[in-house]
Undergrad: 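Below is a structure I'd like to ask you about.
Every value quoted in this text rests on a predicted model; they were computed, and no experiment measured them.
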There are 2 protein chains.
Amino acid sequence: MVLSKTSPQLQREEFDITAWDMDNCPVRDVIDRIAGKWSTLLLEALAIRPYRFGELRRLIPDISQRMLTQTLRDLQRDGYIEREVFPTKPPSVEYRMTDLGRSLFEPLSKVLRWAEANHADVKAARERYDASELA
Amino acid sequence: MVLSKTSPQLQREEFDITAWDMDNCPVRDVIDRIAGKWSTLLLEALAIRPYRFGELRRLIPDISQRMLTQTLRDLQRDGYIEREVFPTKPPSVEYRMTDLGRSLFEPLSKVLRWAEANHADVKAARERYDASELA
DNA sequence: TAGCGCTAGTCTCTTTTTGAGACCAACACT
DNA sequence: AGTGTTGGTCTCAAAAAGAGACTAGCGCTA
């Protein structure tokens, strides 16, 4: 509760605000990680089928090996994907989505589809904004 | 289409891949912006009601003024929010969600609610991962 | 058998992004 | 006259991300 002690009346808008509890906010804790530049892209891929490291690299040509490793580990840490090493030579590693990951991807995919459907509107908004900036 | 000319057979997995068209991908173009650290948080606030700049600053104490300005401008540019200046002294500025923003927030809010509902599972997964890392 | 490529990474260095904080101008209130 | 309020911008430091070299063991080929 962040309500100022000097304002005894409960203002509705401030009441809404204080419901958030910034420091222990589940939404921020979870979203901050899946909101990474590459996270949704990788979740989208692994929602289709499991992929090996190198496959993902070829699938997303402009991700650096460094960020691919790191993002995969973050997703694994939060329980969205699993990592399995196969004892081939050289050893290969497969990544696959977990049940938790699939559960997340269900609502997430709706946002992705919204993005596809409304891409034109967003681009139009950008052009309007940029044009009005020339002033 | 990125299929190698040296592999004439259509492999199913590669076919899935090539549907993406990395360079002109609507999903990436739209998601990359709302995936910013502060974007969803601001959308969440402005979905409730319009806010003034300073109110948002107080509402999200750990955002820097610089990033608040920048994120609000990005959201405005993509057409999710509007900015209105009132000729008070000193002038105040109000930000409010547009219809496009509300349209986006509908599926987005489902992800946010998923985050709330599954926060415990994610935290548990993290602890399991961190524990297994000690090896 | 020497050379090359494949695997999934790590390590280092540079560039980009973000954060912290000072500063601004005009007006209201004390 | 001094202080606070508005919504920013500017500069500099810190953190994150990108680019590219490097690793090791094995298979294939010349």
Undergrad: Give a yes or no on whether a salt bridge exists between A/R49 and A/E55, defined as a side-chain N under 4.0 angstrom from a carboxylate O.
TA: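 Salt bridge present between A/R49 and A/E55.
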
Undergrad: Does this structure show an ion pair linking A/R102 with A/D99, if we count only N-O contacts that are shorter than 4.0 Å?
TA: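 Salt bridge between A/R102 and A/D99, a charged N being under 4.0 Å from a carboxylate O: yes.
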
Undergrad: In degrees, rounded to 10°, what is the bend between the two ends of the helix from C/dA8-D/dT23 to C/dT30-D/dA1, using five pairs at each?
TA: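 That helix gives 20° between its end axes.
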
Undergrad: Quick one: salt bridge (charged side-chain N to carboxylate O under 4.0 Å, His left out) partners of B/E94, sequence neighbours excluded?
TA: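 B/R96.
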
Undergrad: Applying side-chain hydrogen bond (donor to acceptor under 3.5 Å, both in side chains), can you list everything that pairs with A/S103, at least two apart in sequence or on another chain?
TA: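 For A/S103, the residues satisfying side-chain hydrogen bond (donor to acceptor under 3.5 Å, both in side chains) (neighbours in sequence not counted) are B/W114.
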
Undergrad: Which residues satisfy the side chain to side chain contact (heavy atoms under 4.5 Å, CB included) test with B/V27, sequence neighbours excluded?
TA: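 For B/V27 the side chain to side chain contact (heavy atoms under 4.5 Å, CB included) partners, ignoring immediate neighbours, are A/E44, A/L112, A/E116, B/C25, B/I31.
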
Undergrad: Can you list, pair by pair, the side-chain donor-acceptor contacts under 3.5 Å of residues 121-128 of chain B, counting residues two or more places apart and other chains?
TA:
{"residue": "B/R126", "atom": "NE", "partner": "A/D78", "partner atom": "OD1", "Å": "2.7"}
{"residue": "B/R126", "atom": "NH1", "partner": "A/D29", "partner atom": "OD1", "Å": "3.0"}
{"residue": "B/R126", "atom": "NH1", "partner": "A/D29", "partner atom": "OD2", "Å": "3.0"}
{"residue": "B/R126", "atom": "NH2", "partner": "A/D29", "partner atom": "O", "Å": "3.2"}
{"residue": "B/R126", "atom": "NH2", "partner": "A/D78", "partner atom": "OD2", "Å": "3.1"}

Undergrad: Taking the minimum atom-to-atom distance to the side chain of A/T69, which one of C/dG9, C/dA8, D/dG8 wins?
TA: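 Closest nucleotide to the A/T69 side chain: C/dG9.
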
Undergrad: Would you say C/dC6 has OP1 or OP2 under 4.0 Å from some side-chain N or O of A/R57?
TA: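 Checking A/R57 against C/dC6: no side-chain N or O falls below 4.0 Å of OP1 or OP2.
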
Undergrad: Sequence neighbours excluded, which residues qualify as side chain to side chain contact (heavy atoms under 4.5 Å, CB included) partners of A/S39?
TA: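 So A/S39 forms a side chain to side chain contact (heavy atoms under 4.5 Å, CB included) with A/T71, A/L75.
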
Undergrad: In whole Å, what is the span from the CZ atom of B/F53 to the P atom of D/dT5?
TA: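 Going from B/F53 (CZ) to D/dT5 (P), I get 15 Å.
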
Undergrad: At under 4.0 Å between heavy atoms, how does the protein contact nucleotides 10-30 of chain D? Give one character per nucleotide, 5' to 3', with B, S or -.
TA: -B-----BBB-----BS----

Undergrad: Can you list, by residue number, the residues of residues 75-82 of chain B that have a non-hydrogen atom closer than 4.0 angstrom to DNA chain D?
TA: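 When residues 75-82 of chain B is checked for heavy atoms under 4.0 Å from DNA chain D, there are no hits whatsoever.
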
Undergrad: Could you list the residues that satisfy salt bridge (charged side-chain N to carboxylate O under 4.0 Å, His left out) with A/R33, not counting sequence neighbours?
TA: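 Result, salt bridge (charged side-chain N to carboxylate O under 4.0 Å, His left out) vs A/R33: none returned.
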
Undergrad: Please state how far atom CZ in B/R58 lies from atom C1' in D/dG8, giving the value in whole angstrom units.
TA: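 Atom CZ in B/R58 sits about 15 Å away from atom C1' in D/dG8.
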
Undergrad: Mind calculating the distance between CG (B/L68) and C1' (C/dG21) to the nearest angstrom?
TA: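 After rounding, the reported distance stands at 16 Å.
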
Undergrad: Can you tell me how far the CD atom of A/Q70 sits from the CD1 atom of A/I63, to the nearest 0.5 Å?
TA: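 CD1 of A/I63 is found 9.5 Å from CD of A/Q70.
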
Undergrad: Under 4.0 Å from OP1 or OP2 of C/dG9: is there any side-chain N or O of A/Y95 that close?
TA: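 Yes, A/Y95 has a side-chain N/O under 4.0 Å of OP1/OP2 on C/dG9.
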
Undergrad: Is the shortest side-chain N/O distance from B/R73 to OP1 or OP2 of D/dG7 below 4.0 Å?
TA: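 Answer no for this pair, as no side-chain N or O of B/R73 is under 4.0 Å from OP1 or OP2.
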
Undergrad: Figure out the CG/C1' separation between A/L72 and C/dA8, and round it to whole Å.
TA: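 One finds 11 Å between C1' of C/dA8 and CG of A/L72, rounded.
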
Undergrad: Below 3.5 Å, can you tabulate the donor-acceptor pairs from side chains in residues 104-111 of chain A to any protein atom, sequence neighbours excluded?
TA:
{"residue": "A/S109", "atom": "OG", "partner": "A/F105", "partner atom": "O", "Å": "3.1"}
{"residue": "A/S109", "atom": "OG", "partner": "A/E106", "partner atom": "O", "Å": "2.7"}
{"residue": "A/S109", "atom": "OG", "partner": "A/R113", "partner atom": "NH2", "Å": "3.3"}

Undergrad: Rounded to whole angstrom units, what separation is found between the CG atom of B/L56 and the P atom of D/dG8?
TA: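 The distance from CG of B/L56 to P of D/dG8 comes to 11 Å, rounded to the nearest Å.
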
Undergrad: Whole Å only: how far is the OH atom of B/Y51 from the C1' atom of D/dT6?
TA: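 Taking OH of B/Y51 and C1' of D/dT6, I get 19 Å after rounding.
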
Undergrad: Got a sec, which residues hit side chain to side chain contact (heavy atoms under 4.5 Å, CB included) with B/R83, two or more places apart in sequence or on another chain?
TA: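 Scan of B/R83 (side chain to side chain contact (heavy atoms under 4.5 Å, CB included), adjacent residues dropped) gives B/Q76, B/V85, B/V93, B/Y95.
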
